[in-house]
Each structure stands twice: as structure tokens, then as C-alpha cells.
Q: 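Mind looking over this structure? Questions follow.
Predicted, not measured: the structure shown is a model, and the values here were computed from it.
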Amino acid sequence: MEKMVNHQLIPRGIKDERVIDAMSKVPRHLFVPEKVRDRAYDDCALPIGFGQTISQPYMVAVMTELLELKGTEKVLEIGTGSGYQAAVLGELAGKVYSIERIPELTAFARANLDTTGYRNVELKTFDGSVGWTDEAPFDRIIVTAATPEFPQPLIDQMSDDSIGIAPVGTRFSQMLLRIRKDKDKLTESRFTPCVFVPLLGKYGWEE
Ligand code: SAM
């Protein structure tokens, strides 16, 4: 874990001490299937079953840093996968809501989050491209699957002073897009190129 932080995150420019601390704490090896456990801290995404992946540690760090979490925020994640990103968010925010479309992965993530003791993370199996209306608005929204554009329902569910981040582009390559919402004003910025598995659903790609 220390090697991952010192070799993959800090030298590539991750600066937020709270993000570095959180990623030093969350036991990533308890969020991957046993057969890839020995590679849990490698500098890459890893398979978690059902054709899905746990994201590369550096990408988790970049996206988390861009959220500028202070500790009290209500966060929505789309694409729970293993639950690892949700646990990192759980370390840094007040409450985390995370949506996954594959029920077996929601169960996998729930078990991983229970084993590691993250009690401020709520999960549901659903099409996350439409968001979580009952719990909106959110101070931060993070989409961890590739999307053709930032889903409009998610923008609508952002609070008046909020940040959203998503890998936006084609099915094969994307850029991290950050949207800042200040009441009615939206400001967009683009960051690192990346490759994520697709967001499948009403406001993503067709299944
Ligand atoms: N954040 C995850 C982690 O920490 O392990 C990794 C996410 S993985 C790169 C992308 C996930 O998004 C997959 O588990 C996939 O099933 C899920 N996904 C794709 N489309 C979705 C949708 N419409 N709603 C919810 N989850 C979706």
C-alpha cells in the first residue's frame, strides 16, 4: 500500500494529503477477487468479474482529488464495482451513495465494505445514469464508467455548490470532465485522458 502511494500517486502529482491518507488506509486487497489479490496494488485496473474492473489506483486518486472533499459532503457514485472507490470516498466525505447495475457486484461490494467497516456507504442496484432521485441533491457526483456525455439527470441532482466528475468521450477513450455547479452556472474543465468500461443505461450507452 505504501509502495503504491509512494511510487504511483505522489510522483505523478497527487498532492491532497487527505486523498493520500485515505488511499494509504483503505485495504485495496480486500476489494479484489482472491485470484488477483497478489496484484491488488499493481499500477493497473484489475478484473472483478462480469467483464468489469476495479480502476487503476492512480485514476481513483485523480478523480478523488478533483472532487475537493472536505469531510461533510453527500456524495453519489455511479458504478460501485468492487466498492473500493466508495470506501475511499467513505474516508473523505460524510455519506456516500453508490449505484451499480450488476446485482452480483453490488453484493460483492457490500461484503467488501462490511468486512472493512465502511458504514457510511449505501448501495443500490439500478441504472445509475438516471441518478438517485430520492436522495438528491448531492454535493459531489462521480461517474466511474465511460459516458458519451455527463448524464443530464445527474447534473440536475447536483446541489447549488457542487462538483461532478466523469470520464466522457467514446466507448474506447475518454477525458475526465469536471463540472462545477454554482447555483445555475455550470463551468466545465477537462483533465487526464482515460479508458473506462462503458456506462450502460438510459443516459449512457445501449446495453
Ligand atoms: N468504482 C469501481 C471500483 O471502485 O471498483 C470501479 C467501477 S468499474 C470501472 C465501472 C462499473 O460501472 C462496473 O461495475 C459496471 O457494472 C458499472 N456500471 C455500468 N453502467 C452502469 C449504470 N448504468 N449504472 C450503474 N452502474 C453501472
Q: For the pair V197 and T53, evaluate side chain to side chain contact (heavy atoms under 4.5 Å, CB included) and give the outcome as yes or no after the intermediate values.
A: CA-CA 8 Å; V197 294; T53 53; 4.0 Å; yes
Q: Consider only side-chain heavy atoms of I, L, V, M, F, W and Y, link residues closer than 4.5 Å, and tell whether M63 and I10 are in one cluster.
A: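 They do share one cluster, since a chain of ILVMFWY contacts under 4.5 Å joins M63 to I10.
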Q: Please report the interatomic distance CG(L154) to CD1(I141), rounded to the nearest 0.5 Å.
A: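 If we round to the nearest 0.5 Å, L154:CG and I141:CD1 are 5.0 Å apart.
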Q: Within a reach of under 6.0 Å around CG of D38, are more than 12 heavy atoms found that belong to other residues, nucleotides or ligands?
A: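 Yes.
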Q: Between K95 and E135, does at least one N-O distance fall below 4.0 Å, as a salt bridge requires?
A: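 No salt bridge links K95 with E135.
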Q: Looking at K25 and E91, is any side-chain nitrogen of the basic one under 4.0 Å from a carboxylate oxygen of the acidic one?
A: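 Result for this pair is yes, salt bridge flagged.
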Q: Side chains of L113 and F31, heavy atoms from C-beta outward: is any pair under 4.5 Å?
A: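 Sidechains of F31 and L113: in contact.
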Q: Using the rule given for side chain to side chain contact (heavy atoms under 4.5 Å, CB included), can you reason through I54 versus V32, listing the C-alpha separation, both sets of side-chain angles and the distance that settles it, and then say yes or no?
A: CA-CA 8 Å; I54 177 175; V32 298; 3.9 Å; yes
Q: Do Q52 and L105 come close enough that some side-chain heavy atom pair is under 4.5 Å?
A: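 They are in side-chain contact.
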Q: Considering non-hydrogen atoms only, spot the tightest contact between P57 and M23 and give its length.
A: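 Taking every non-hydrogen atom into account, O-CE, 3.4 Å.
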Q: Examine distances only and state if a side-chain atom of D160 and a backbone atom of K181 form a donor-acceptor pair shorter than 3.5 Å.
A: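 No, the answer is negative, given that no donor and acceptor are paired below the 3.5 Å cut-off.
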Q: Give me the atom names and distance for the closest heavy-atom approach of C194 to M59.
A: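 Where C194 meets M59 most closely, the heavy atoms are CB-CE, 3.8 Å.
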Q: What's the spacing between E77 CD and T144 OG1 if we round to 0.5 Å?
A: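 Going from the CD atom of E77 to the OG1 atom of T144 covers 4.5 Å.
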Q: Look up atom CZ in R39 and atom SG in C44, then write down how far apart they are to the nearest 0.5 Å.
A: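 If we round to the nearest 0.5 Å, R39:CZ and C44:SG are 6.0 Å apart.
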Q: Do the non-hydrogen side-chain atoms of F191 and V62 ever get within less than 4.5 Å of each other?
A: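 Of all side-chain heavy-atom pairs linking V62 with F191, none is under 4.5 Å.
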Q: Work out which heavy atom in V121 is nearest to a heavy atom in L123; give both atom names and the distance.
A: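 Here V121 and L123 meet closest at CG1-CD2, 3.7 Å.
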Q: Would you mind checking if E122 and R110 are paired as a salt bridge, meaning a charged N to carboxylate O distance below 4.0 Å?
A: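 The answer is no: the pair does not qualify as a salt bridge.
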Q: Which atom names give the shortest non-hydrogen contact between V168 and P148, and what distance separates them?
A: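 Scanning both residues, the minimum pair turns out to be CG1-O, 3.4 Å.
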Q: Within a strict 4.5 Å, meaning less than it, do heavy atoms of the F196 and Q174 side chains meet?
A: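 Side-chain contact under 4.5 Å: yes.
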Q: Is there a donor-acceptor pair under 3.5 Å between the side chain of R28 and the backbone N or O of A40?
A: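 Indeed, once roles are kept as given, a pair shorter than 3.5 Å links the two residues.
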Q: If you measure only the distance, is there a donor-acceptor pair under 3.5 Å linking the side chains of S162 and D139?
A: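 No pair is found: no donor N or O on one side chain lies under 3.5 Å from an acceptor on the other.
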Q: Using the rule that two of Ile, Leu, Val, Met, Phe, Trp, Tyr join whenever any of their side-chain heavy atoms come within less than 4.5 Å, decide whether L186 and Y203 are in one cluster.
A: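 Looking at the clustering, Y203 is in the same group as L186.
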Q: If I take atom NZ from residue K74 and atom CG from residue N120, how far apart are they, to the nearest 0.5 angstrom?
A: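 These two atoms lie 13.5 Å from each other.
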Q: Is Y84 linked to V195 within one hydrophobic cluster, defined over Ile, Leu, Val, Met, Phe, Trp and Tyr using a side-chain heavy-atom separation of less than 4.5 Å?
A: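 Different clusters: Y84 never reaches V195 through Ile, Leu, Val, Met, Phe, Trp or Tyr contacts under 4.5 Å.
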Q: Are S98 and Q85 linked by a side-chain donor-acceptor pair shorter than 3.5 Å?
A: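 Q85 and S98 do not have a side-chain donor-acceptor pair below 3.5 Å.
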Q: Please tell me whether E100 and T80 have a donor and an acceptor in their side chains that are separated by less than 3.5 angstrom.
A: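 T80 and E100 do not have a side-chain donor-acceptor pair below 3.5 Å.
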Q: Between the side chain of T125 and the main-chain N/O of R101, is any donor-acceptor distance below 3.5 Å?
A: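 No, the answer is negative, given that no donor and acceptor are paired below the 3.5 Å cut-off.
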Q: If every non-hydrogen atom of A166 is compared with every non-hydrogen atom of V143, which pair is closest and at what distance?
A: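 What the structure gives for the nearest pair is CB-CB, 3.7 Å.
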Q: Quick check: closest heavy atoms across S129 and P153, and the distance to 0.1 Å?
A: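 Shortest heavy-atom separation between S129 and P153 comes out as O-CG, 3.8 Å.
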Q: Hey, are the side chains of T187 and K185 touching, using non-hydrogen atoms and a 4.5 Å cut-off?
A: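 T187 reaches K185 side chain to side chain.
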Q: Can you name the salt bridge (Lys or Arg N to Asp or Glu O under 4.0 Å) partners of R12, sequence neighbours left out?
A: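 Salt bridge (Lys or Arg N to Asp or Glu O under 4.0 Å) check on R12 returns D43.
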Q: Using the rule side chain to side chain donor-acceptor pair (under 3.5 Å), only one of R140, R18, R178 pairs with E68; which is it?
A: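 The single option meeting the side chain to side chain donor-acceptor pair (under 3.5 Å) with E68 is R178.
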Q: Just by distance, do the side chain of Q157 and the backbone of A136 share a donor-acceptor pair under 3.5 Å?
A: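 No: the side chain of Q157 does not pair with the backbone of A136.
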Q: So how far is it from I20 CD1 to N6 CG, rounded to the nearest 0.5 Å?
A: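 It comes to 9.0 Å.
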Q: Do the side chains of L69 and I163 join up, straight or via other hydrophobic residues, at under 4.5 Å, putting them in one cluster?
A: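 Yes; tracing contacts between hydrophobic side chains, which count when under 4.5 Å, links both residues.
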Q: Nearest 0.5 angstrom please: L199 CG to D127 CG, how far?
A: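 Going from CG on L199 over to CG on D127, the span is 7.0 Å.
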Q: With a 3.5 Å distance limit and no angle check, can you tell me whether T147 reaches the backbone of E149 through a side-chain donor-acceptor pair?
A: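 Answer holds: yes.
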Q: Exactly one of I165, L92, V19 should register a side chain to side chain contact (heavy atoms under 4.5 Å, CB included) with L67. Which one does?
A: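 Only one option passes, and that is I165.
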Q: Check whether any side-chain heavy atom of E206 sits under 4.5 Å from a side-chain heavy atom of L200, and report yes or no.
A: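 Contact flag for E206/L200 side chains = no.
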Q: Do other residues, nucleotides or ligands put more than 12 heavy atoms under 6.0 Å from the NZ atom of K202?
A: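 12 or below, so no.
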Q: Partners of Y97 by ring-ring contact (aromatic ring centres under 6.0 Å, His included), sequence neighbours excluded?
A: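 Checked Y97 against ring-ring contact (aromatic ring centres under 6.0 Å, His included); matches are W132, F138.
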Q: Is there a path of hydrophobic side-chain contacts, each under 4.5 Å between heavy atoms, that joins V26 and V60?
A: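 Cluster IDs for V26 and V60 match.
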Q: Is there a side-chain contact between P151 and V130 in this structure, where contact means two heavy atoms from C-beta onward sitting under 4.5 Å apart?
A: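 Not touching, per the 4.5 Å side-chain cut-off.
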